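Computed from a predicted structure; not experimentally measured. Reminder, nothing fancy here: chain letters follow the sequence lines and each chain counts from 1.
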Amino acid sequence: MNYWLMKSEPDVFSFDDLMRSPGRRTCWDGVRNYQARNLLRDAIQPGDGVLFYHSNANPSGVAGIARVVRGGYPDHTAFDPADPHYDPKSRPEAPTWYMVDIEAVEPLPRLLTLAEIKAAKGLEKMVLLTNSRLSVQPVTESEWRIVRRLAGLKP
DNA sequence: GCCAACGTTGGC
DNA sequence: GCCAACGTTGGC
């Protein structure tokens, strides 16, 4: 069982939007970065924990907890010319891009802001801080526990 | 809206 | 394979 952080702009798709989705689930589509793709395709497994992060927000921060319910499979939005994430290089016989499905578990009692994450002992090495551009990133078990505790969740 | 950091593209 | 130009992300 591993832990991940996934970013979404709340103006586009927030944790509340996930809570209101059918079955509280969604497919995590539209990732067009090779490092993130490799994680989606090869590493992220059903049952893994997800920190749902609001980027480009006021303030930005971790908004909720989700879990992976389906492992990597081809991102079909890349095949659709009408989709904003269309990529002609990706074909159904040889997909370039992958996605997973996630399910909301619970919102955090309060948003854990980026400023708090930066200030927290034990979170200095979070990929969020060291490679801020990566939209799907690994989280260590220790970081996972600290984030939950700081946000007021039981371990 | 600005801008720094980073990833990707393409000329050579 | 190098690197400059360009595009995107995301904090502020």
Task: Closest contact, heavy atoms only, A/Ile44 versus A/Trp4 - done: CG1-CE2, 3.6 Å
Task: Spacing between A/Ile117 atom CD1 and C/dG11 atom C1', to the nearest angstrom - done: 13 Å
Task: d(CG, A/Leu134; C1', B/dA5) in whole Å - done: 13 Å
Task: A/Arg133, nearest nucleotide to its side chain (from C/dC12, B/dT8, B/dA5) - done: B/dA5
Task: Euclidean distance, atom CD of residue A/Glu9 to atom C1' of C/dG11 [Å, nearest integer] - done: 12 Å
Open item on the list: Ring centres under 6.0 Å, that's the criterion: do A/Phe52 and A/Trp28 meet it?
Closed with: yes
TODO: Could you check how far CG of A/Asn56 sits from C1' of B/dA5, rounded to whole Å?
DONE: 14 Å
Task: Options B/dA5, B/dT9, C/dC12, nucleotide nearest the side-chain atoms of A/Lys89 - done: B/dT9
Open item on the list: If you compare every side-chain N and O of A/Tyr34 against the phosphate oxygens of B/dC6 (OP1, OP2), does one of them come in below 4.0 Å?
Closed with: no
Open item on the list: I need the CG-P distance between A/Asp87 and C/dT8, as an integer number of Å.
Closed with: 13 Å
- [ ] Identify which nucleotide among C/dG10, C/dC12, B/dG7 has an atom closest to any side-chain atom of A/Ser135, counting heavy atoms from C-beta outward.
- [x] C/dG10
TODO: Examine C/dT9: is either OP1 or OP2 under 4.0 Å from a nitrogen or oxygen in the side chain of A/Lys7? Give yes or no.
DONE: no
- [ ] For the residue pair A/Ser14 and A/Asp17, confirm or rule out a side-chain donor-acceptor distance under 3.5 Å.
- [x] yes
Open item on the list: For A/Glu103, run the salt bridge (Lys or Arg N to Asp or Glu O under 4.0 Å) check against A/Arg25, A/Arg24, A/Arg70 and tell me which one passes.
Closed with: A/Arg25
- [ ] Check the distance between C/dT9's P and A/Met6's CE and give it to me in whole angstrom.
- [x] 17 Å
Open item on the list: One thing to verify: whether A/Arg32 and A/Asp75 come together as a salt bridge, which I'm taking to mean a side-chain N less than 4.0 angstrom from a carboxylate O.
Closed with: yes
Open item on the list: Whole angstroms only, please: what is the CG-P distance between A/Leu128 and C/dG11?
Closed with: 7 Å
Open item on the list: I want to check one thing: is the phosphate of C/dG10, taken as OP1 and OP2, less than 4.0 Å away from some side-chain N or O of A/Ser132?
Closed with: no
TODO: Rounded off to whole Å, could you give me the CD-to-C1' distance for the A/Glu116 and C/dG11 pair?
DONE: 16 Å
